[in-house]
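Input: a single structure, listed below in structure tokens.
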Amino acid sequence: SKRKEIARRLERMARDLGDDPLEVGAVKLDGDLAGVLVRKISDFNPNRMQVFPIALVKRGTEWAAAPVPASFENSGIGYAATLRKRLKALEDWMLREQVLDLAKLRDQSADRMRRSIEKSLPVATLRTLDSRQTADRFLNACESRNLPEIHGLLGGLGASQPSNWPLRIKAAESAVAAGQAVTSPWRQLVSKDVLRVIVLHEEDTKSAMVSIACLDPAGSRRSSSRPRISLIHLELSKSKDGLWRVDPPQYLLLGTDNPNDESDDDLDADLFDAFPAKISKLYPASPQATADDARRAVIAALQNGGLASLIPLIRLDGEPATARESCVRAARLWWHLREPS
């Protein structure tokens with residue numbers, strides 16, 4: 001029964017450790033006994049930081065961890081009175097230092113986060129960006145899954161962080177960690193399969209909004225049978241220290257469905273109609289000299305490239321509604337041939 005109890009504790013510790021980086025903290029030596037603090041570090045979320053006190057026993061020339069955290073219990077080293085005093089002193093030290101070290105780590109989390117972000121996005125660079133450049137950089141960071149930069153553009157470099165900062169951290173981390181398995185609505189921002197382009201940008205002194213048209217060849221969770229163009233509206237605000245930041249809508253933070261997946265095509269017709277022309281600027285047309293050349297180019301794009309490689313081979317210079325339908329049909333065809341399953 002004791003072995004089972006220890007196994008359960010170790011399994012729980014393994015879950016708590018997760019995949020975050022670990023580092024050795026304070027160490028207290030007492031002859032062939034020791035207490036060591038192992039720190040679980042998160043550069044962005046102080047709530048994920050933990051400190052694990054580990055008891056160690058030296059046998060011969062090698063050290064081994066005791067089976068119960070913060071305790072020499074079941075380590076088989078005896079119960080002599082003098083030894084018990086040494087064990088209790090180390091155990092008390094581990095429990096006390098665990099609390100103090102965790103508080104210190106969390107106090108230092110803001111500086112740690114800023115240093116991590118500035119490796120990808122120096123604050124001096126962010127200060128030079130206008131709202132449109134900030135939005136473009138955010139989209140690029142999402143597609144490349146550059147988490148430190150995403151956090152920086154969500155407000156991590158400001159003198160004061162947004163009130164919902166922990167929610168922003170959690171949402172972005174979950175989306176990036178999910179990889180190709182990410183679901184809507186973050187899929188529209190981070191998946192390399194999705195075509196996305198800014199179709200509207202409005203700005204005043206302290207705030208801005210961008211509308212992003214997204215074409216996901218996999219379709220939406222609500223209607224997976226046919227791809228469609230959907231919209232993501234992102235608001236941006238300028239902090240008192242002059243830095244633009246992206247303020248995601250609530251559905252992105254909570255991971256619920258994007259209400260714009262079912263946007264009224266008539267109401268947002270101008271935004272939808274802007275998609276073909278804007279996407280053609282990103283991926284300019286490359287007409288081929290002969291029909292046979294075009295056929296080979298299309299086959300190569302379907303066989304080897306992403307959906308973006310097919311766009312230059314589609315005629316998108318006609319009526320916007322017709323061009324939109326061409327994009328949707330191309331996405332549907334590409335997905336039929338390239339769907340992971």
Charged N-O contact under 4.0 Å between [X] and [Y]:
| X | Y | result |
| --- | --- | --- |
| R127 | D241 | no |
| E325 | R329 | yes |
| R39 | D101 | yes |
| R137 | E149 | yes |
| D204 | K206 | no |
| D30 | K58 | no |
| D111 | R115 | no |
| D92 | K88 | yes |
| R196 | E143 | yes |

Distance-only, no hydrogens or angles: does the S280 side chain make a donor-acceptor pair with backbone N or O of P276 under 3.5 Å?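 Yes, S280 side chain to P276 backbone: donor-acceptor pair under 3.5 Å.
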Output yes when a side-chain donor or acceptor of S239 lies under 3.5 Å from a complementary backbone atom of L243, and no otherwise.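 Yes, because the side chain of S239 sits within donor-acceptor range (under 3.5 Å) of the backbone of L243.
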Side-chain H-bond candidate by donor/acceptor type, E235 with S207, under 3.5 Å: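 No, no side-chain donor-acceptor pair sits under 3.5 Å.
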Criterion side-chain contact (heavy atoms from CB on, under 4.5 Å) on D270 and L200, from CA distance to verdict: CA-CA 10 Å; D270 57 332; L200 178 68; over 6 Å; no
Show the numbers, then the answer: is there a side-chain contact (heavy atoms from CB on, under 4.5 Å) between L310 and Y283? CA-CA 9 Å; L310 199 55; Y283 309 104; over 6 Å; no
Validation: residues 3-14 side-chain donor-acceptor distances under 3.5 Å, sequence neighbours left out:
residue	atom	partner	partner atom	Å
E5	OE2	R9	NH2	2.7

Using the side chain to side chain donor-acceptor pair (under 3.5 Å) definition, which of the options K238, R245, E203 pairs with S131?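 Of the listed residues K238, R245, E203, the side chain to side chain donor-acceptor pair (under 3.5 Å) partner of S131 is E203.
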So do the side chains of S174 and W186 get within less than 4.5 Å of each other, counting heavy atoms only?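 With C-beta onward as the side chain, the pair stays apart.
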Contact between H233 and L271 at the side-chain level, heavy atoms closer than 4.5 Å - yes or no?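 H233 reaches L271 side chain to side chain.
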Pairing residues for R338 by the salt bridge (charged side-chain N to carboxylate O under 4.0 Å, His left out) criterion, not counting sequence neighbours: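 Testing R338 for salt bridge (charged side-chain N to carboxylate O under 4.0 Å, His left out), a comparison that skips the adjacent residues, returns none.
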If hydrophobic clusters are built from ILVMFWY residues whose side chains come within less than 4.5 Å, do F72 and V38 share one?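 Different clusters: F72 never reaches V38 through Ile, Leu, Val, Met, Phe, Trp or Tyr contacts under 4.5 Å.
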Other members of the hydrophobic cluster containing V194, with the 4.5 Å side-chain heavy-atom rule, please.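 V194 clusters with nothing; isolated.
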side-chain contact (heavy atoms from CB on, under 4.5 Å) for L254 and L167? Distances and angles first, verdict last. CA-CA 8 Å; L254 299 178; L167 202 55; 4.2 Å; yes
